[in-house]
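For this chain, numbers begin at 1 and follow the sequence in order. Since the model is a prediction, treat every value here as computed from it, not as a measurement.
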Amino acid sequence: MRLKGKEEMIRLIISRDPEYNQGSLYLAMRDLGGITVAHPTVALIGKDLRDVPDADGKLFRHEMIAVANGPGRGWVDYKFKNPVSGKVEAKTTYVLRIGDVALEAGVYKH
């Protein structure tokens, strides 16, 4: 994002550019208030999903926003439906604040 700029990064995420979207491994962007700015699932863009819990009831997006607004980088663990397997699995996402947004990239734990 530092090289390409925010708008180009949004375009690359939304277009599912293979550099940023590889099946269950993909990049997303959220503003610091919790609104989804860019996601490969375009139906999520513009949505505030902070109060939608994971399979165990954890409000993990609140934690992601706290990481972005606090230290600016860190890992958040939760459970989420894997788009490849179709099953709810343990996932960990790295959150990195850049300017007025947070980039998020998660990986499923096996």
J.: Taking all atoms of both residues into account, what is the closest heavy-atom pair of Glu104 and Val95, and its distance?
T.: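 Answer, listing the atom of Glu104 first, then Val95: CG-CG2, 4.3 Å.
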J.: So, using side-chain hydrogen bond (donor to acceptor under 3.5 Å, both in side chains) as the criterion, who are the partners of Lys109 when residues are at least two apart?
T.: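 Lys109: side-chain hydrogen bond (donor to acceptor under 3.5 Å, both in side chains) contacts with Asp77.
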J.: Run the side chain to side chain contact (heavy atoms under 4.5 Å, CB included) test on Val107 and Thr92 for me, step by step, so that the C-alpha distance in whole Å, both residues' side-chain angles and the decisive distance to 0.1 Å come before the verdict.
T.: CA-CA 6 Å; Val107 62; Thr92 188; 3.7 Å; yes
J.: So, using salt bridge (Lys or Arg N to Asp or Glu O under 4.0 Å) as the criterion, who are the partners of Lys79 when residues are at least two apart?
T.: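 By the salt bridge (Lys or Arg N to Asp or Glu O under 4.0 Å) rule, Lys79 matches Asp56.
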J.: Taking all atoms of both residues into account, what is the closest heavy-atom pair of Val84 and Asn82, and its distance?
T.: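 That closest heavy-atom pairing would be N-OD1, 2.7 Å.
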J.: Nearest heavy-atom pair of Arg97 and Gly99: which atoms, and what distance?
T.: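 For Arg97 versus Gly99, the nearest heavy atoms are NE-O, 2.9 Å.
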J.: To check you understand the geometry: which heavy-atom pair defines the closest contact between Ala105 and Leu27, and what is its length?
T.: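 Looks like CB-CD1, 4.1 Å.
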J.: What's the separation between atom CZ in Arg30 and atom CD1 in Ile35, rounded to the nearest 0.5 Å?
T.: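 Here the rounded value is 9.0 Å.
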J.: Let me have the donor-acceptor pairs involving side chains of residues 40-50, under 3.5 Å, with sequence neighbours excluded, atom names and distances please.
T.:
from	atom 1	to	atom 2	distance (Å)
Asp48	OD1	Arg50	N	3.1
Asp48	OD1	Arg50	NE	2.9
Asp48	OD2	Arg50	NE	3.1
Asp48	OD2	Arg50	NH2	2.5
Arg50	NE	Gly33	O	3.4
Arg50	NH1	Gly33	O	3.1

J.: Who are the side-chain hydrogen bond (donor to acceptor under 3.5 Å, both in side chains) partners of Asn69, not counting sequence neighbours?
T.: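 For Asn69 there are no side-chain hydrogen bond (donor to acceptor under 3.5 Å, both in side chains) partners, ignoring immediate neighbours.
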J.: Is a side-chain N or O of Ser85 found less than 3.5 angstrom from the main chain of Lys87, in a donor-acceptor match?
T.: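 Yes.
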J.: Under the rule for side chain to side chain contact (heavy atoms under 4.5 Å, CB included), what residues qualify as partners of Phe80, not counting sequence neighbours?
T.: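 In terms of side chain to side chain contact (heavy atoms under 4.5 Å, CB included), with neighbours along the sequence ignored, Phe80 is linked to Tyr26, Phe60, Arg61, Tyr78, Lys91, Tyr108.
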J.: State, yes or no, whether a side-chain contact exists between Val37 and Ile10 at a heavy-atom distance under 4.5 Å.
T.: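 In contact.
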J.: Begin with the C-alpha distance, continue with both residues' side-chain angles, and end with the deciding distance and a verdict on side chain to side chain contact (heavy atoms under 4.5 Å, CB included) for Leu103 and Met1.
T.: CA-CA 9 Å; Leu103 293 174; Met1 198 164 111; 4.2 Å; yes
J.: Rounded at 0.5 Å granularity, tell me how far NZ in Lys6 sits from CE in Met29.
T.: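 Going from NZ on Lys6 over to CE on Met29, the span is 7.0 Å.
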J.: Any chain of hydrophobic side-chain contacts (each under 4.5 Å) joining Ile65 to Val67?
T.: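 Different hydrophobic clusters.
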J.: Considering non-hydrogen atoms only, spot the tightest contact between His39 and Ile13 and give its length.
T.: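 For His39 and Ile13, the tightest heavy-atom pair comes out as N-CG2, 3.6 Å.
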J.: Considering all heavy atoms of both residues, which atom of Ala68 and which atom of Leu32 are nearest to each other, and what is their separation?
T.: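 The answer is CB-CD2, 3.8 Å.
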J.: Flag yes if Tyr94 and Val76 sit in one hydrophobic cluster, no otherwise; membership is Ile, Leu, Val, Met, Phe, Trp, Tyr, and two members link when side-chain heavy atoms are under 4.5 Å apart.
T.: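 No, no single cluster joins them.
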J.: Is Glu63 salt-bridged to Lys58, going by a charged N under 4.0 Å from an acidic O?
T.: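 A salt bridge is present here (some side-chain N lies under 4.0 Å from a carboxylate O).
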J.: Using the side chain to side chain contact (heavy atoms under 4.5 Å, CB included) criterion, which residues pair with Glu19? Sequence neighbours excluded.
T.: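 For Glu19, the residues satisfying side chain to side chain contact (heavy atoms under 4.5 Å, CB included) (neighbours in sequence not counted) are Lys4, Asp17.
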